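Please read the structure below before turning to the comments.
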Amino acid sequence: MARKTNTANSSSHSSTLFWLFAIFITWIPIVNVVMVLYWAFAGDNPTRKNYFRAIIIWFLIGFALWLAFSLVGLAPAIVDLLDQKLNGSGSSEPQQ
């Protein structure tokens, strides 16, 4: 009996061994960034490319949220620093 294989489905198949390897690689600093970018934009596996592109999008969303919360948290200190520079007051103690 000949075994039929679906070539369209087999081209987008990634083995469990590959995913174990990919997760391991993403634990290694610097190498993870290079490999995620490589897997997101190179190769012929559309499923793999979409997954790693999604990882990049989540990273950018997380970075934007971190930046926004950091700026909101630092806003009072930035305003005080600007006020000191503009008004020329040398005292770094808050006024009451």
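Predicted, not measured: the structure shown is a model, and the values here were computed from it. Only heavy atoms go into these numbers, but all of them, side chains included; no hydrogens, no water, no symmetry mates. Position 1 is the first residue of the sequence; numbering continues from there.
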Check Pro76 against Val72 and note the closest heavy-atom contact, atom names and distance. CD-O, 3.8 Å
Phe21, CZ atom: more than 12 neighbouring heavy atoms under 6.0 Å: no
Whether over 12 other heavy atoms sit under 6.0 Å from Ile30 CD1: no
Determine, using ring centers only, whether Phe24 and Trp19 are less than 6.0 Å apart. no
Under 4.5 Å between side-chain heavy atoms, hopping through other hydrophobics if needed: is there a path connecting [X] to [Y]?
X     : Y     : answer
Leu71 : Leu82 : no
Ile25 : Tyr38 : yes
Phe59 : Val33 : yes
Val36 : Ile23 : yes

Could you give the distance from [atom1] ([X]) to [atom2] ([Y]), rounded to the nearest 0.5 Å?
X     : Y     : atom1 : atom2 : answer
Asp80 : Leu74 : CG    : CG    : 11.5 Å
Ile55 : Asn32 : CD1   : CG    : 10.0 Å
Arg48 : His13 : CZ    : NE2   : 10.0 Å
Met35 : Ile28 : CE    : CD1   : 9.5 Å
Leu81 : Leu86 : CG    : CG    : 9.5 Å

Do [X] and [Y] make a side-chain contact, defined as non-hydrogen atoms from C-beta onward lying under 4.5 Å apart?
X     : Y     : answer
Trp39 : Phe18 : yes
Ser14 : Asn45 : yes
Ile56 : Leu37 : yes

Please answer whether the main-chain N or O of Val79 pairs with a side-chain N or O of Asp83 as donor and acceptor at a distance below 3.5 Å. no
Residue pair Phe63, Trp58: steps toward the ring pair (Phe, Tyr, Trp, His ring centres under 6.0 Å) verdict: CA-CA 9 Å; Phe63 181 75; Trp58 275 117; over 10 Å; no
